[in-house]
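Read the structure below first, then the notes.
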Amino acid sequence: MDEQALLGLNPNADSDFRQRALAYFEQLKISPDAWQVCAEALAQRTYSDDHVKFFCFQVLEHQVKYKYSELTTVQQQLIRETLVSWLQAQMLNPQPEKTFIRNKAAQVFALLFVTEYLTKWPKFFFDILSVVDLNPRGVDLYLRILMAIDSELVDRDVVHTSEEARRNTLIKDTMREQCIPNLVESWYQILQNYQYTNSEVTCQCLEVVGAYVSWIDLSLIANDRFINMLLGHMSIEVLREEACDCLFEVVNKGMDPVDKMKLVESLCQVLQSAGFFSIDQEEDVDFLARFSKLVNGMGQSLIVSWSKLIKNGDIKNAQEALQAIETKVALMLQLLIHEDDDISSNIIGFCYDYLHILKQLTVLSDQQKANVEAIMLAVMKKLTYDEEYNFENEGEDEAMFVEYRKQLKLLLDRLAQVSPELLLASVRRVFSSTLQNWQTTRFMEVEVAIRLLYMLAEALPVSHGAHFSGDVSKASALQDMMRTLVTSGVSSYQHTSVTLEFFETIVRYEKFFTVEPQHIPCVLMAFLDHRGLRHSSAKVRSRTAYLFSRFVKSLNKQMNPFIEDILNRIQDLLELSPPENGHQSLLSSDDQLFIYETAGVLIVNSEYPAERKQALMRNLLTPLMEKFKILLEKLMLSQDEERQTSLADCLNHAVGFASRTSKAFSNKQTVKQCGCSEVYLDCLQTFLPALSCPLQKDILRSGVRTFLHRMIICLEEEVLPFIPSASEHMLKDCEAKDLQEFIPLINQITAKFKIQVSPFLQQMFMPLLHAIFEVLLRPAEENDQSAALEKQMLRRSYFAFLQTVTGSGMSEVIANQGAENVERVLVTVIQGAVEYPDPIAQKTCFIILSKLVELWGGKDGPVGFADFVYKHIVPACFLAPLKQTFDLADAQTVLALSECAVTLKTIHLKRGPECVQYLQQEYLPSLQVAPEIIQEFCQALQQPDAKVFKNYLKVFFQRAKP
């Protein structure tokens with residue numbers, strides 16, 4: 001062994017040594033006999049260093065996992081003997097090996113087991129057991145090996161090939177026949193021997209029983225002697241958590257519904273008489289969490305039994321099962337209401353399924369109604385935040401509570417399905433009593449009261465938020481609560497959680513304000529003052545910005561009286577904060593986007609005449625344009641890179657804000673109708689010079705490009721005069737990514753304006769293509785994945801551009817580029833269809849070819865195109881699918897093949913019998929296709945139904961490929 005390299009295995013070694021150790025490991029993995037050195041080192045205990053021992057096991061693991069079949073019988077025998085002699089040595093070692101070494105050894109044993117058990121080592125377990133006997137160190141390793149084997153055979157998280165899955169099934173079947181009873185006996189002996197003297201080994205053994213019980217004969221475990229022992233362990237403090245988990249696995253095992261019911265009931269009787277149901281006497285929350293999981297398992301098992309019995313029409317036993325379920329509800333409620341959320345969370349599944357049963361019953365008994373009410377009160381109580389929740393700095397505990405709240409929400413929704421009236425009445429009671437005295441109530445109780453009102457919207461769903469019409473009693477209850485919410489003054493409560501819940505609920509029930517619009521002014525004030533957008537907490541300000549925009553959008557018809565007042569009050573929030581002014585603005589630039597959008601919505605949807613709208617829009621956008629000009633000058637002069645970046649970001653924000661205001665326009669309220677075209681054209685003229693700025697061009701171009709996309713939609717043809725110079729700037733010294741993002745802009749213009757932009761397209765067609773080809777032909781490192789991906793994406797964009805041009809009826813743009821250029825373009829499309837293994841691009845290329853054949857493939861097409869069809873397009877339709885990389889099992893590739901079929905059909909459509917003759921007499925014979933297959937192919941091609949030919953073509957190539 002390379003002793004120097006082994007030094008690098010120590011975690012504290014320096015990086016050079018570590019690198020050398022890694023390289024050495026790779027070298028040993030490849031070497032045909034290096035594993036023997038490692039095997040010998042393990043068998044003879046050559047090394048005392050733990051990391052070296054672990055390393056040796058890793059080398060053996062690699063050998064068994066990937067190269068075992070290459071070994072001779074003698075070598076395979078050597079690996080078996082090495083492992084057994086290492087195991088024997090562990091019995092005599094004064095100190096046990098470190099846990100990580102024992103686990104790695106167990107993994108190697110397990111790998112060897114799955115490889116050899118069915119063929120060369122059927123006595124695997126008997127050999128191991130004869131070595132370890134009842135020696136505690138040996139037992140520890142034996143149990144670890146069993147766990148490693150279980151994870152090789154049944155672990156759901158490991159992805160197995162179908163071959164491995166078949167092998168694993170066979171191993172389990174063989175084990176059941178040959179050795180499982182002996183293994184179960186060994187577990188019983190281990191538990192009996194060590195239950196009072198070695199808790200670690202006993203817990204390991206319980207874990208093994210729990211793991212194996214899912215796939216072995218349950219009667220081997222679910223019998224008096226085993227269950228009594230497990231129940232005994234439930235009373236031993238160090239064992240009871242594992243015993244609980246083990247019983248849970250026993251209960252979870254699939255079996256006949258009546259037998260399952262009997263098993264659960266007998267377990268429950270014993271647990272109850274042993275005092276386990278007295279939850280309030282138990283202080284150990286870790287144990288109670290496991291016990292809660294066990295009760296949940298028992299409850300859900302009974303419910304599954306009930307469902308099966310109902311389905312089978314066995315009413316008598318179904319009644320018994322329901323009775324058994326009902327007797328567990330009191331215990332379930334105790335666990336659900338427990339102050340520890342883990343204990344409560346573990347029982348929610350049983351609770352949810354129990355409510356599902358009640359939903360199916362036609363009539364509920366008084367006890368069942370009482371249970372529903374008790375669950376409801378428990379959910380309301382458990383939704384409440386505790387004192388420790390850290391709102392300013394939410395960590396893992398807080399995230400777990402948020403998840404737990406989501407589970408409780410599901411319970412609340414299920415309660416609503418069982419008894420909507422009861423839920424509404426309960427929420428109303430809690431809400432009203434809390435909000436009457438909100439000033440003297442703790443924040444968490446106020447928050448949960450408003451939260452419950454918020455949750456009712458989803459628990460009692462209606463279409464399009466129409467909570468305040470339809471069912472009168474429900475509508476008036478919700479209306480009362482909303483009125484209380486907005487008039488009680490609770491929006492002034494000094495806690496962020498209450499403030500946020502207030503605004504969330506206002507926006508969720510925005511339809512309330514169409515019924516009682518008199519409350520709009522006071523809610524607007526709450527949004528605009530220190531309770532909302534000017535709150536001391538950045539988190540509240542940020543969320544309010546979004547909610548305010550939603551509120552204004554949904555109530556735009558009611559906003560007219562308040563527009564100018566709102567615009568004046570948000571003036572300071574619209575300020576573009578340049579990097580040098582030093583003061584921290586109230587809102588982040590992302591939050592400001594919502595405020596700009598809100599301002600746009602208010603102006604556009606107002607009832608003002610067009611001149612007034614134009615004036616207001618100009619007031620909104622002029623400050624942005626002025627700031628933009630100043631900042632762009634500063635950027636041009638700036639030397640410091642950090643300052644350049646912050647200036648460019650600021651410029652980008654300005655463009656983004658202007659873009660965002662345009663989202664307010666719609667088909668009903670266009671930019672023209674609102675008289676705002678001029679303002680946006682001014683913006684365009686202001687922003688476009690940024691494209692020629694040589695500094696920070698990535699940031700600047702991306703912002704201006706987005707603005708152009710918006711303006712094409714909003715200004716329509718008025719934007720066209722700006723496109724040529726913008727394009728020219730964007731094509732200067734650009735990278736793959738720039739082009740990739742520029743092409744969609746050109747596609748948008750082409751598809752929208754079609755013939756109007758034909759002169760522009762003809763002019764910029766070749767410059768754009770030169771820029772694309774120049775980037776694609778740049779040399780890149782052979783294994784530079786990101787460069788290869790960028791080129792692939794650019795190639796796709798290029799073909800998408802050609803598809804847009806041809807698909808928009810603009811083929812003359814290509815035709816007018818001169819014969820040489822036209823041919824060059826066509827050749828790239830043929831290459832795209834055949835040479836690059838990218839089915840998405842191939843599909844696009846075949847669409848382009850079909851379109852060109854349709855346009856140019858007739859008798860009056862361009863000179864020489866018919867030759868091109870036979871020389872290049874027809875062969876492409878065969879060469880592409882015949883490539884090894886063309887995978888007919890892949891969905892994208894099948895789509896590409898489908899377009900290939902369309903291309904061939906289009907050629908036949910345009911060229912008629914001449915095409916069939918060419919395939920029959922020249923092309924297909926040149927591919928050595930048998931005459932009868934040629935005949936069959938041509939018949940399929942001539943079928944009027946295109947689908948028939950598509951299906952045929954797939955079969956044709958499946959047969960043709962080896």
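Note that these values count all heavy atoms, side chains included, but never hydrogens, waters or copies made by symmetry.
Side-chain contact check for Asp738 versus Met730: every heavy-atom pair is 4.5 Å or farther apart. Taking 4.5 Å as the limit, every side-chain heavy atom of Tyr454 sits out of range of all side-chain heavy atoms of Phe502. Looking only at side-chain heavy atoms (C-beta outward), Leu631 and Lys629 stay at 4.5 Å or farther from each other. With a 4.5 Å cut-off on side-chain heavy atoms, Glu564 and Leu616 count as touching. Side chains of Leu453 and Leu478 form a contact here, defined as non-hydrogen atoms less than 4.5 Å apart. The shortest side-chain heavy-atom distance between Ile749 and Leu720 falls under the 4.5 Å cut-off. Contact of the Met455 side chain with the Asp413 side chain is not registered, since no non-hydrogen atoms from C-beta on lie closer than 4.5 Å. With a 4.5 Å cut-off on side-chain heavy atoms, Leu524 and Phe551 count as touching.
In this view, Gln558 satisfies the side-chain hydrogen bond (donor to acceptor under 3.5 Å, both in side chains) rule with no residue, not counting sequence neighbours. Qualifying side-chain contact (heavy atoms from CB on, under 4.5 Å) partners for Leu574, counting only residues two or more places apart in sequence or in other chains: Ile570, Ile595, Tyr596, Leu620. Under the side-chain hydrogen bond (donor to acceptor under 3.5 Å, both in side chains) criterion, Thr844 pairs with no residue at all, not counting sequence neighbours. Shown here are the salt bridge (Lys or Arg N to Asp or Glu O under 4.0 Å) partners of Glu394, two or more places apart in sequence or in another chain: Lys539. Applying the side-chain hydrogen bond (donor to acceptor under 3.5 Å, both in side chains) rule to Gln756 yields no partners; only residues at least two apart in sequence or on another chain are considered.
With salt bridges taken as basic N to acidic carboxylate O contacts below 4.0 Å, none links Lys737 and Asp698. A salt bridge between Glu403 and Lys409 is absent, with no side-chain N of the basic residue lying under 4.0 Å from a carboxylate O of the acidic one. In summary, Glu716 and Lys672 do not engage in a salt bridge, as defined by a charged side-chain N under 4.0 Å from a carboxylate O. Contact check on Arg701 versus Glu741 returns no salt bridge, with no Lys/Arg side-chain nitrogen under 4.0 Å from an Asp/Glu carboxylate oxygen. Note on Arg543 versus Glu504: salt bridge recorded, some NZ/NE/NH1/NH2 to OD/OE distance being below 4.0 Å. Remark: Glu717 does not engage Lys752 in a salt bridge, criterion side-chain N to carboxylate O under 4.0 Å. A salt bridge links Arg534 with Asp572: the distance from a Lys NZ or Arg NE/NH1/NH2 to an Asp or Glu carboxylate oxygen falls below 4.0 Å.
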Using the rule given for side-chain hydrogen bond (donor to acceptor under 3.5 Å, both in side chains), can you reason through Arg710 versus Ser659, listing the C-alpha separation, both sets of side-chain angles and the distance that settles it, and then say yes or no? CA-CA 7 Å; Arg710 288 290 315 148; Ser659 266; 5.8 Å; no
Is there a side chain to side chain contact (heavy atoms under 4.5 Å, CB included) between Leu485 and Tyr509 once you walk through the steps? CA-CA 11 Å; Leu485 182 68; Tyr509 291 107; over 6 Å; no
Under the salt bridge (Lys or Arg N to Asp or Glu O under 4.0 Å) criterion, do Glu678 and Arg618 qualify, and how do the steps go? CA-CA 9 Å; Glu678 207 181 291; Arg618 196 166 275 292; 3.4 Å; yes
Pair Cys674, Gln614 - check side chain to side chain contact (heavy atoms under 4.5 Å, CB included), show working. CA-CA 7 Å; Cys674 297; Gln614 185 188 8; over 6 Å; no
Carefully, step by step, assess Phe753 and Phe760 under the rule ring pair (Phe, Tyr, Trp, His ring centres under 6.0 Å). CA-CA 11 Å; Phe753 300 114; Phe760 157 68; over 10 Å; no
With ring pair (Phe, Tyr, Trp, His ring centres under 6.0 Å) as the test, would you mind laying out the steps for Phe513 and Phe468 before giving the verdict? CA-CA 10 Å; Phe513 298 95; Phe468 303 98; 8.8 Å; no
Dump the intermediate steps for side chain to side chain contact (heavy atoms under 4.5 Å, CB included) on Val655 and Leu700, then the final yes or no. CA-CA 9 Å; Val655 181; Leu700 295 179; over 6 Å; no
Intermediate values then yes/no, side chain to side chain contact (heavy atoms under 4.5 Å, CB included), Tyr798 and Phe773: CA-CA 10 Å; Tyr798 162 60; Phe773 296 156; 3.7 Å; yes
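Of the N and O atoms on the side chains of Asp591 and Ser588, at least one donor lies less than 3.5 Å from an acceptor on the other residue. Between the side chains of His495 and Ser497, at least one donor N or O sits under 3.5 Å from an acceptor N or O. Arg643 and Ser638 form no side-chain donor-acceptor contact under 3.5 Å, judged by distance and modelled atom types alone. At a cut-off of 3.5 Å, with distance as the only test, a side-chain donor of Lys613 or Gln669 sits close to an acceptor on the other residue. If you check the side chains of Ser677 and Glu718, you find a donor sitting under 3.5 Å from an acceptor. Arg531 and Ser491 share a donor-acceptor pair across their side chains, judged by distance under 3.5 Å alone. A donor-acceptor contact closer than 3.5 angstrom is absent between the side chains of Tyr385 and Arg442. Side-chain N/O atoms of Thr670 and Gln673 include a donor and acceptor closer than 3.5 Å.
Applying the ring-ring contact (aromatic ring centres under 6.0 Å, His included) test to every pair with at least one member in residues 707-747, sequence neighbours left out, gives these pairs: Phe687-Phe707.
Within a 6.0 Å sphere centred on CD of Glu633, other residues, nucleotides and ligands contribute 12 heavy atoms or fewer. Around the CD atom of Glu812, the shell of radius 6.0 Å holds more than 12 heavy atoms that belong to other residues, nucleotides or ligands. Environment of CD in Gln518: crowded, with over 12 heavy atoms of neighbouring residues, nucleotides or ligands closer than 6.0 Å. Gln763 CD: 12 or fewer foreign heavy atoms inside a 6.0 Å radius.
Between Val704 and Ala690, the shortest heavy-atom contact is CG2-CB, 4.3 Å. The minimum heavy-atom distance linking Glu458 with Arg508 is given by the pair OE2-NH2, 2.7 Å. Closest approach of Leu651 and Leu632 over heavy atoms only: CD2-N, 3.7 Å.
With Gln592 contributing its side chain and Glu575 its backbone, the two residues share a donor-acceptor pair below 3.5 Å. The backbone N or O of Val490 lies less than 3.5 Å from a partner atom in the side chain of Ser488, making a donor-acceptor pair. The closest donor-acceptor contact from the side chain of Glu626 to the backbone of Pro623 lies at 3.5 Å or more, if one exists at all. When atom types are taken as modelled, the side chain of Asn568 and the backbone of Asp565 share no donor-acceptor pair closer than 3.5 angstrom.
Paired with Ile723 under the rule side-chain contact (heavy atoms from CB on, under 4.5 Å), one option of Leu708, Leu745, Val757 passes, and it is Leu708.
Note that SG of Cys683 is 7.5 Å distant from CG of Leu624, once rounded to the nearest 0.5 Å.
For His519 and Phe512, the ring centers are positioned less than 6.0 Å apart.
Stacking of Arg796 on the aromatic ring of Phe801 is not recorded, the 6.0 Å distance cut-off and the 45° axial limit not both being met. The side-chain tip of Arg660 points at the ring of Phe594 from less than 6.0 angstrom away and within 45° of straight on.
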